[in-house]
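Residue numbers start at 1 and run along the sequence shown. Everything numeric in this text was worked out from a predicted model, so none of it was measured. Just so it is clear, the values below take in all heavy atoms, side chains as well, and ignore hydrogens, waters and symmetry mates. All ligand and atom numbering here is 1-based and tracks the order in the structure.
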Amino acid sequence: MTPHLLPGARLVTATLAILVSVSAARADTVVIEHVTLLDGVHAPQPDMTVAVDGARIAAVTPSVIAHDLKGRRIDGRSRFLIPGLMDVHIHLRGGFDPGPTPGGEPAPPNRQEGVEALASFLYAGVTTVVDVGNRPEHILPLRADERAGRVLAPRIFATGNLITYPGSHGDRIAVRISDFEKDKALLDRHITEQQPDILKLTLEEEGWGSRPMIPLMPVELLGKIIRYYNLHGIRTTVHVSSELRSLEAIYAGSDTLAHPVIQGPVSDSFVKLMAAKKIPFASTLTIGDNYSRLVEHPEYLDQPLYVASFSAADREELRTRTRAEYKSRTWTAWMKVMTPIAEENVRKVHVAGGVVACGTDQSSGAATHRELELLAQAGIAPLDIIRIATYNGAVFLGKSDQLGSIDTGKLADLVLLSKDPATDINNAKSIVFVMKNGQIIDESQLPLAGGRQPRRFSGS
Ligand SMILES: [Zn+2]
């Protein structure tokens with residue numbers, strides 16, 4: 001990383017170059033002044049000025065030498081600027097809902113539900129989501145619409161269908177591969193027609209918690225598929241839940257893992273390996289926490305982010321039918337026991353120097369903030385959580401040159417906060433405005449399931 005505070009002469013030269021380019025900028029340049037920068041990559045930087053020109057960050061400089069930056073001024077005094085949050089493990093609502101009856105027939109894709117869920121992310125300051133398994137006819141048109149600016153949504157990266165062995169985990173939304181040579185045409189079709197931003201595979205025989213055992217993809221086949229996608233320039237992620245399968249996926253060549261180890265405590269050697277190899281993995285604590293939380297604390301549904309993210313009817317359904325159903329499931333009790341273990345696994349790998357990226361395995365901006373709360377509950381410091389939810393997500397995607405920190409030249413996905421998230425990660429909810437691609441989001445235009453919200457930021 002290039003530090004912002006360059007010594008003496010270099011600072012002046014660099015700043016002059018920036019001033020020239022920003023002065024020549026278009027009229028829509030925005031200059032956020034006297035703000036504290038917190039991106040979890042650089043040390044916190046008070047009294048900084050950030051200029052945004054078009055879609056990108058044009059300058060990041062101490063306010064004391066930023067007077068000549070031209071553009072619309074925004075007062076950042078007593079405010080905090082973080083990069084847009086990233087959720088690297090979602091399954092966008094409307095196409096794939098795990099729901100209470102696994103194995104049940106999925107409903108036809110519901111575009112409106114997808115659009116509303118996407119709005120909930122932007123509303124919560126999540127400017128990038130990674131959909132790691134969905135029905136292609138649901139997620140891919142939304143991805144195209146987002147890229148063309150036709151829908152108000154975070155950046156969408158998607159796998160389309162995931163890939164697994166017939167009958168294995170995620171089979172319902174997967175391309176099923178049993179033999180590499182015989183089924184290669186299916187992989188070619190997936191690559192050509194769905195253009196996955198990242199490939200998702202599953203290496204999971206279940207047989208834990210309350211789930212019966214199912215077929216497992218042979219590791220040799222997994223390795224061949226990973227290599228094939230890498231040879232097409234595509235990164236990979238693998239669903240795993242145990243230390244054994246995590247190791248197998250890593251040595252089969254996977255670039256990332258879609259979950260932490262959740263079946264039991266990790267060994268010290270696994271922690272060391274994760275720190276040595278720096279394989280990014282999605283934290284996904286929220287999915288396991290979700291069941292007992294709804295049973296024991298349904299009042300969380302009254303929090304503002306949930307009220308905005310879900311319709312009144314959906315929240316009522318969760319409070320009544322879904323809650324009763326969760327209450328009766330062995331899975332709920334199992335996940336309540338395992339969530340603290342998963343939290344400790346995540347914390348250990350993080351402390352050792354591994355790369356944790358924020359992911360929820362859910363589909364709302366409210367859930368992304370729940371993930372931040374659980375990372376804090378795991379004992380991870382707020383500033384580290386900001387990095388986990390921003391820069392490390394970009395590393396997960398292989399896009400840390402474009403996204404994830406507050407640096408000149410990066411895409412201007414930013415969130416301005418009124419309270420300091422470095423003292424309490426819950427302050428990441430104190431949103432003044434959300435900026436994606438250099439544009440401040442007008443919340444009154446977001447089609448939230450909970451109804452239209454007023455615009456948060458009036459312009460100063
Ligand atoms: Zn998932």
Side-chain angles (χ1 to χ4, degrees), residues 86-104 106 109 113-114 117-118 121 126 128-136 138-139 143 154 156-165 168-176 194 196-206 208-209 211 214 216-217 222 235-242 245-246 249 254-263 279-291 331 334-335 338-339 342 345-346 356-368 370-371 374 389 393 396-397:
M86 302 176 78
D87 191 328
V88 300
H89 189 142
I90 76 155
H91 300 278
L92 188 71
R93 192 172 175 191
F96 172 74
D97 297 308
T101 51
E113 281 188 2
L118 288 167
F121 283 108
V126 182
T128 295
V129 295
V130 186
D131 187 296
V132 291
N134 212 313
R135 294 159 79 188
H138 181 57
I139 192 70
R143 181 181 66 176
I156 301 172
F157 296 99
T159 65
N161 281 123
L162 54 81
I163 286 182
T164 195
Y165 196 68
S168 193
H169 187 79
D171 172 272
R172 193 153 66 85
I173 48 158
V175 175
R176 294 153 196 156
Q194 301 190 25
D197 299 298
I198 183 168
L199 164 69
K200 165 85 171 291
L201 291 144
T202 69
L203 187 64
E204 172 70 77
E205 71 275 49
E206 300 192 350
W208 56 284
R211 294 168 161 177
I214 55 172
L216 175 73
M217 176 173 281
L222 184 91
R235 283 169 70 79
T236 58
T237 194
V238 181
H239 164 104
V240 284
S241 60
S242 69
R245 300 303 172 210
S246 299
S254 188
D255 302 288
T256 69
L257 301 176
H259 295 285
V261 169
I262 55 177
Q263 286 194 36
I279 298 278
F281 68 98
S283 52
T284 66
L285 297 167
T286 301
I287 183 75
D289 162 72
N290 174 56
Y291 305 95
W331 185 251
W334 179 269
M335 290 314 297
M338 298 317 289
T339 295
N345 291 345
V346 170
V356 184
C358 171
T360 56
D361 211 349
Q362 305 233 328
S363 179
S364 77
T368 311
R370 178 58 178 168
E371 191 71 22
L374 293 174
F396 184 99
L397 276 169

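- Inclusion of His91 in the first shell of the Zn ion (ligand 1) is supported: an N, O or S atom falls under 2.8 Å.
- With sequence neighbours excluded, the residues that form a ring pair (Phe, Tyr, Trp, His ring centres under 6.0 Å) with His169 are His239.
- Asn134 places no side-chain N or O within donor-acceptor distance of the main-chain N or O of His91, the cut-off being under 3.5 Å.
- Counting backbone and side-chain atoms alike, His89 contributes an N/O/S atom closer than 2.8 Å to the Zn ion (ligand 1).
- Paired with Arg370 under the rule salt bridge (Lys or Arg N to Asp or Glu O under 4.0 Å), one option of Asp361, Asp289, Asp87 passes, and it is Asp289.
- Here Arg235 pairs with nothing under the salt bridge (Lys or Arg N to Asp or Glu O under 4.0 Å) rule; sequence neighbours left out.
- Shortest distance from the Zn ion (ligand 1) to Asp361 is reached at OD1 (N/O/S atoms only).
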